[in-house]
Amino acid sequence: MVGALLRDERPATVAAARDAIDRTDAALAVLLERRAALAGVVQRLKPVGGFAGRDPERERRIVAAMARRAPRLGERRLAPIMKAVIESGLHLAEELKETPGDNDGEHAPGPGAAAAGRRHHD
């Protein structure tokens, strides 16, 4: 799925461009869910979790590494995106901690999860 998203695609119509966006959004949703689940694992393993245990230097390194892979977006544009992603994951981890027995998000989704949530565009 990721390979198909990374190929150079030049939609010729608004509808085709929107279909490409929808495919990208579907993959992004799966990746964000996986990231939140993995961040939840980190929150459970850290001596101080949640918002109090944030590591601004690590967050800066994450943004810098992403900017190297997405240079047109750059750190200035990626920083607020990743802040929202990180904070959403922290909120989710806190909510799951407050809901005993709720296993949603406890494990990162497997490789088939992307296909399950994807719209088909043939």
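Scanning all heavy atoms of the two residues, the minimum distance from Gly53 to Lys46 falls at O-NZ, 2.6 Å. Pairing each heavy atom of Pro11 with each of Ala17, the nearest pair is CB-N, 3.4 Å. In terms of heavy atoms, Gly74 sits closest to Ala67 at C-CB, 3.9 Å.
With respect to the salt-bridge test (charged N to carboxylate O, under 4.0 angstrom), the residues Arg10 and Asp8 qualify. Salt bridge absent: Glu94 and Lys97 never bring a charged side-chain N and a carboxylate O closer than 4.0 Å.
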Evaluation steps, side-chain contact (heavy atoms from CB on, under 4.5 Å), between Val30 and Arg34
CA-CA 6 Å; Val30 171; Arg34 177 169 171 75; 5.6 Å; no

Carefully, step by step, assess Arg54 and Glu87 under the rule salt bridge (charged side-chain N to carboxylate O under 4.0 Å, His left out).
CA-CA 10 Å; Arg54 286 180 80 165; Glu87 289 180 357; 2.9 Å; yes

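Residues Glu9 and Arg23 meet the side-chain proximity criterion, which asks for heavy atoms closer than 4.5 Å. Considering only heavy atoms from C-beta on, Met82 stays 4.5 Å or farther from Glu59 through its side chain. Met66 places a side-chain heavy atom less than 4.5 Å from the side chain of Ile62.
One N or O on the side chain of Gln43 and one on the backbone of Gly50 form a donor-acceptor pair closer than 3.5 Å. A distance-only check finds no donor-acceptor pair linking the side chain of Arg35 to the backbone of Gly89 [under 3.5 Å].
Taken from CG in Leu31 to OG1 in Thr24, the straight-line distance is 10.5 Å, to the nearest 0.5 Å. The distance from atom CG of Leu78 to atom NZ of Lys83, rounded to the nearest 0.5 Å, is 15.0 Å. The distance from the CG atom of Asp25 to the CG atom of Leu32 is 10.0 Å, given to the nearest 0.5 Å. Taking CD1 of Ile81 as the start and CD1 of Ile86 as the end, the distance is 11.5 Å to the nearest 0.5 Å.
Linking ILVMFWY side-chain heavy atoms closer than 4.5 Å, directly or via other members, places Leu73 and Leu28 in a single hydrophobic cluster.
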